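No experiment lies behind these values; they were computed from the predicted model shown.
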Amino acid sequence: FLQEWWRFFEGGYNVSNETLGIMASVCSIAWVGLGYLMVAFRSASSIGEEKDRDCWISLLSTPITAREMIVSKVIGSFLTITPYVLVQMPILLYCAATTDLGILRLGYWLISVIVFGMAVASLGVYQSLVQSSTGRAIGMTLFISAIFSGLGQIFMILPMMGAPELGKLV
């Protein structure tokens, strides 16, 4: 598999710039989508696991404020997506340099990944707070994220493909 990717980047395949941009955007959406799943699972189980193990009460008795705990849970859950984004960056930077993808679209992609990832992390931590069990929190987080991920993926794919190319695909 890695040999095929290397052959692809050496120019062994005759691929147009438009096709290369489309391949990069589809791969990035699929790969980062796995990261969103990890964020959803980690955030939805963050407080629920502590409730299940009876650690939540002892955490509330520490000098850390509730706001600090919640913010740290959201940020810690969001950072789960970092490896998925870092793996994609060399491919996307290569495509931005050699195709009409452009650095501006790449920046827009990164901003949309951050915004949607923080939304999923916040939703998961919220569900972990209000649901009675970890399983229910994970289920609700995945359900609500699945509904809104269509909208989030649209915001990710449109800048990568550009409006004129999108019209050619449809």
Not counting sequence neighbours, which residues clear side-chain contact (heavy atoms from CB on, under 4.5 Å) with [X]? List them please.
| X | answer |
| --- | --- |
| Met140 | Gln127, Gln131, Ile144 |
| Phe78 | Ile81, Ile114, Met118, Ala121 |
| Thr65 | Arg67, Glu68 |
| Ile111 | Val115 |

Tell me whether Ser46 contacts the main-chain N or O of Val125 through its side chain, where contact means a donor paired with an acceptor under 3.5 Å.
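Side chain of Ser46 to backbone of Val125, a donor-acceptor pair under 3.5 Å: no, none is there.
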
Could you pull out all residues at least two apart from Thr80 that satisfy side-chain hydrogen bond (donor to acceptor under 3.5 Å, both in side chains)?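 Per chain and number, Thr80 pairs via side-chain hydrogen bond (donor to acceptor under 3.5 Å, both in side chains) with Arg42.
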
side-chain hydrogen bond (donor to acceptor under 3.5 Å, both in side chains) with Thr134: which residues, sequence neighbours excluded?
->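 Testing Thr134 for side-chain hydrogen bond (donor to acceptor under 3.5 Å, both in side chains), a comparison that skips the adjacent residues, returns Asp52.
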
Step by step, work out the side chain to side chain contact (heavy atoms under 4.5 Å, CB included) result for Val113 and Tyr36. CA-CA 9 Å; Val113 166; Tyr36 286 146; 4.0 Å; yes

### Task
May I have all residue pairs that pass salt bridge (charged side-chain N to carboxylate O under 4.0 Å, His left out) and include part of residues 69-96, sequence neighbours excluded?
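Pairs touching residues 69-96 that pass the test: Glu50-Lys73.
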
(Q) Return the CD1 to OG distance between Ile138 and Ser145, rounded to the nearest 0.5 Å. (A)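 Answer for the CD1-OG pair, Ile138 versus Ser145, is 11.5 Å.
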
Q. Can you tell me how far OG of Ser72 sits from CD1 of Ile70, rounded to the nearest 0.5 angstrom?
A.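 Here the rounded value is 7.5 Å.
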
Q.
Tell me every residue that passes ring pair (Phe, Tyr, Trp, His ring centres under 6.0 Å) with Tyr84, counting only those two or more places apart in sequence or in another chain.
A.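 Once residues adjacent in sequence are excluded, the partners of Tyr84 under the ring pair (Phe, Tyr, Trp, His ring centres under 6.0 Å) criterion are Trp31.
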
* To do: Verify the neighbour count for atom CE of Met38: are there more than 12 heavy atoms of other residues, nucleotides or ligands below 6.0 Å?
  =>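 Atom CE in Met38 is not crowded, with 12 or fewer foreign heavy atoms closer than 6.0 Å.
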
Over all heavy atoms of both residues, which pair between Val120 and Val39 is shortest? Give the atoms and the distance, please.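 Taking every non-hydrogen atom into account, CG1-CG1, 3.9 Å.
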
Q.
Tell me the closest heavy-atom pair linking Ser45 and Ser128, and the distance in Å.
A.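 Of all heavy-atom pairs spanning Ser45 and Ser128, the closest is C-OG, 4.3 Å.
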
